[in-house]
Amino acid sequence: IGSSRISGIKSAVHLLDSMNKSFAAVGPAASLTDDDLGIFELAARVGLQWMWADAAILPGLEGLAQHNPFRWTTLEPKFCHEWAADLRSEKERRPVTTRVPGVDETSRRFESAQAAARWVEDCAALLDPVMTNEMLAAQDPTCCFPEYWLHSGNPNQFKDAILLPVDQFKPFEELFQQTYRPISTRDRPCPAKPPCEEANKRVPGGCKCARPDGNPGLPKAYQVCQVLRIEDSDLWKDYVARRCQVSQMRHGRGDVASMTEAPCEPAFTSETTHFFQQTFAPLDDSTSEMYLFHGTNVRSALRIASGKVRLDLSKTEGGLGPGFYLAESITKSDEYASDTEGPGQEEPDEYYAGVFAMLVMRVTMGKMYQSDHFFSPDGEKARVMSSILEEREYDSVLGDRRSKANTFREFCVYDESQVYTEYVVLYERKYRDPLYGCPTSAVLRGLGGGPVFNFQVPPYWKNFNKNPSKEPFYEETSLRPRGVAFVKRMLLWLGIGSLEVSSVTRLENSDMLQQYVQAKIKIREALTEKGMIPPPESAWKLVMPDDRLLQFEFEGQACGFSLQNFERDINEVFLWAPVQLNANGELPTVLEAAEGARRSCTLLTNARDVLDQYGQTAQKEYGLLLCRAVCGELATGGSATDADSEVTDLGNSNWCVNLMHPGGCQVYPEILLALRVPQSS
């Protein structure tokens, strides 16, 4: 072989096939001599690296690949570039299964050699020491997360959904208002019930019911109900790495100058996101980073927020190719939002009917292929997809129908790492008729007429994305660190902060939750008939005075824990239940403790004075249950026989609350605390 490059595939196959047959009986790689391994190394260095990295590229070489030391060592970037060039030169489109040593431990399958070449080029950047250092610096957990995140600076892995307080809704209300356009397109479903005769015809501008002058017409505005911020360390680092990779590639190809000389017109969202920098982190203009919308249904949005699923980039029938579609206008993205339980369904969700979901996403568009029309199926789509997915000439597509058809611009990316779902905004549509399409269960009307939103399942639960009537769940789970921090603050309020928290366990039980929710509905209906919403006596004043409650809420928000999901206008509060030890003198399980509290229906506003009455374990541990309770109409000392709850003053700012409805349905025992007396005590 010498030092010359082998030319001609036939001679290469002949050489390697001979080597393969010669070593067929050798056995494991450990049996090979240094001279034997040297032959493989030499073969790789003279230009056959693409073969041993892709053992399936030629028949009969599988045995060779198994013995090849380069299959498990780090590949140099220059070999990646040569290998990618070889892959791109292949004219036959066939599936390729391969891996890049030093980047992946497992193989990946691609639909063509050209698609594999694109990935190999990306790997070259990952293996370049300078680029690697830049990427590692960009992913540094001490500084890479937005400053306003609760987990900013957290070096550990985290995945959390933070419920924002109502006073932080303004940036999203402004975002919706500033990006609203009174335009309907053929993609907007008919809002009439039942749908009109034009509903399935996809006429330009949409059916007559969906147009601005129709009945009920185009929504005139959108009302924010709730906002969740998604803080996910792994997905954020993936996004930052991809953004860094796009920047490096565009700088390396000299594309940055052309991108800045003829930039894309700023997105409708840019002015608002730039103004509210405590909600939207600064964007990287050199990679055409922007905030965009994607409409969906509540259940799908909550599954994304809970980390149960990743984004789906498989919209193959789209006019801009098989990618993930976004818009700069709330009106456009709202066309794809629904209040159904899932994609393709027609009936409204039994709980979230009238409520829609909007993903507010950070997107790295990079270098955009701009078009004023959707791609035709006569080869144009394949050509553009090739320039993006294989040749890497572009990173995304901008479909500008606004300039030609006076509708909207749509944005499309083809790599899930180029988007990060930072916010999930739940909202309702506002029509000319203020009563049309109003939510039924999730959104209640407060005394001032404003919406009061309640999740079906508390938003900090692991199962908060599920429908408990269709997806039963039972789980005993440890609290996140922020939840534990909030519980410790509550113990300080009770005056028992000197006890150590040895364990905190939350009970997530769909059956108990449904019984509790039904009790709240019945109590609300009864109080409404009596004209007693809110009831004359406030249960929260028994728990703590108003000034302390405000501080309590503030400190809870600082820990990422919100009291928004409590229906205070029917006296839903936190109360405590002391835990009786079992027959062995040990603390019961959280389910056993919960069942005991539901049988008793006797709760306390402060449990500090009764802990000793229930005893401690041999390890000097006490048990306490933190419960949700709906008290409804309160009575003192039997003053009202039809009241929902009866309260008794125990003195020392402590009240006993007896829940009057049978079966324990007025209480949901949520958190079991094991409290230990410190050794120094």
Side-chain angles (χ1 to χ4, degrees), residues 161 171-172 175-176 178-181 185 187-189 219 222 224-230 232 235-236 238-239 242-243 267-270 272-273 279-280 283 288-340 342-344 352 355-366 368 374 395-399 401-402 407-429 465:
F172 302 94
L175 195 61
F176 282 11
Q178 294 299 321
T179 64
Y180 178 84
R181 298 293 184 273
T185 77
D187 292 334
R188 180 168 289 278
Y222 301 99
V224 175
C225 299
Q226 283 287 14
V227 182
L228 290 165
R229 183 172 64 236
I230 312 305
D232 188 312
L235 292 184
W236 179 261
D238 288 348
Y239 174 75
R242 179 59 183 157
R243 184 179 62 189
F268 289 164
T269 58
S270 60
T272 303
T273 56
T279 303
F280 306 106
L283 300 169
S288 301
E289 189 180 23
M290 57 188 72
Y291 278 97
L292 297 172
F293 298 114
H294 181 82
T296 184
N297 62 81
V298 174
R299 299 287 178 190
S300 295
L302 295 183
R303 279 192 285 272
I304 292 172
S306 65
K308 303 296 184 184
V309 298
R310 292 181 71 99
L311 293 174
D312 182 12
L313 303 184
S314 59
K315 185 181 177 182
T316 56
E317 75 280 4
L320 301 179
F324 190 74
Y325 288 67
L326 306 109
E328 62 183 339
S329 170
I330 179 67
T331 318
K332 179 58 181 174
S333 286
D334 176 61
E335 293 183 341
Y336 308 104
S338 75
D339 63 350
T340 62
Y352 292 114
V355 180
F356 304 83
M358 189 62 60
L359 307 182
V360 181
M361 319 181 78
R362 292 176 71 98
V363 186
T364 295
M365 293 295 292
M368 289 174 269
F374 293 123
D395 305 300
S396 61
V397 168
L398 167 58
R401 297 292 293 160
R402 189 179 72 194
T407 55
F408 298 99
R409 296 194 303 176
E410 291 189 63
F411 302 77
C412 192
V413 296
Y414 307 88
D415 187 326
E416 64 184 9
S417 298
Q418 281 178 234
V419 294
Y420 179 83
T421 307
E422 189 168 9
Y423 293 102
V424 172
V425 182
L426 306 186
Y427 66 97
E428 57 175 310
R429 293 168 175 166
N465 61 292

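Sequence positions, counted from 1, serve as the residue numbers for this chain.
In this structure, the side chain of T179 does not engage the main chain of S329 through any donor-acceptor pair within 3.5 Å. Checking side-chain atoms of S417 against main-chain N and O of Y239 turns up no donor-acceptor pair under 3.5 Å. Under the 3.5 Å distance criterion, the side-chain polar atoms of S270 are matched with a main-chain donor or acceptor of A267.
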Chi angles and distances behind the side-chain contact (heavy atoms from CB on, under 4.5 Å) call for V413, M365: CA-CA 7 Å; V413 296; M365 293 295 292; 3.8 Å; yes
Candidate pair T421 and M361, rule side-chain contact (heavy atoms from CB on, under 4.5 Å), full reasoning: CA-CA 5 Å; T421 307; M361 319 181 78; 3.0 Å; yes
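Between L359 and V424, some side-chain heavy-atom pair lies under the 4.5 Å cut-off. Contact annotation: the side chain of R188 approaches that of T331 to within less than 4.5 Å [non-hydrogen atoms, C-beta and beyond]. Between Y423 and T279 the shortest side-chain heavy-atom distance falls below 4.5 Å. Using a 4.5 Å cut-off on side-chain heavy atoms (C-beta onward), F293 and T269 make contact. By the 4.5 Å heavy-atom criterion applied to side chains, L320 and F374 are counted as neighbours. Put simply, the side chain of E428 does not reach to within 4.5 Å of the side chain of V355, judged on heavy atoms. In this structure the side chain of L302 reaches within 4.5 angstrom of the side chain of L228, judged on heavy atoms.
Of all heavy-atom pairs spanning C412 and S396, the tightest one is O-CB, 3.2 Å. Considering all non-hydrogen atoms of both residues, A357 and A337 come closest at O-CB, 3.9 Å.
Residue D187 holds its CG atom at 12.0 Å from CG of D334, rounded to the nearest 0.5 Å. Separating the CD atom in E422 from the CG atom in L235 is a distance of 12.5 Å, to the nearest 0.5 Å. We find the OH-OH distance between Y222 and Y427 to be 6.0 Å, quoted to the nearest 0.5 Å. Y180 OH to I330 CD1: the interatomic distance, rounded to the nearest 0.5 Å, is 10.5 Å. A distance of 9.0 Å separates OG of S333 from CZ of F408, quoted to the nearest 0.5 Å. Between the OG1 atom in T364 and the CZ atom in R242 there is a gap of 8.5 Å [rounded to 0.5 Å].
Under 3.5 Å, the side chains of E335 and T185 contain a donor-acceptor pair of N or O atoms.
Remark: R299 fails to qualify as a cation-pi partner of Y352 under the 6.0 Å distance and 45° angle criteria applied to the six-membered ring.
Taking the six-membered ring for Trp and the full ring otherwise, F172 and F280 have centroids separated by under 6.0 Å.
Remark: D232 pairs with no residue by the salt bridge (Lys or Arg N to Asp or Glu O under 4.0 Å) rule, at least two apart or across chains. With sequence neighbours excluded, the residues satisfying salt bridge (Lys or Arg N to Asp or Glu O under 4.0 Å) with E289 are R243, R362. Applying the salt bridge (Lys or Arg N to Asp or Glu O under 4.0 Å) rule to R401 yields no partners; only residues at least two apart in sequence or on another chain are considered.
Just one of R409, Q178, R181, K332 meets the side chain to side chain contact (heavy atoms under 4.5 Å, CB included) condition when paired with F268; it is R181.
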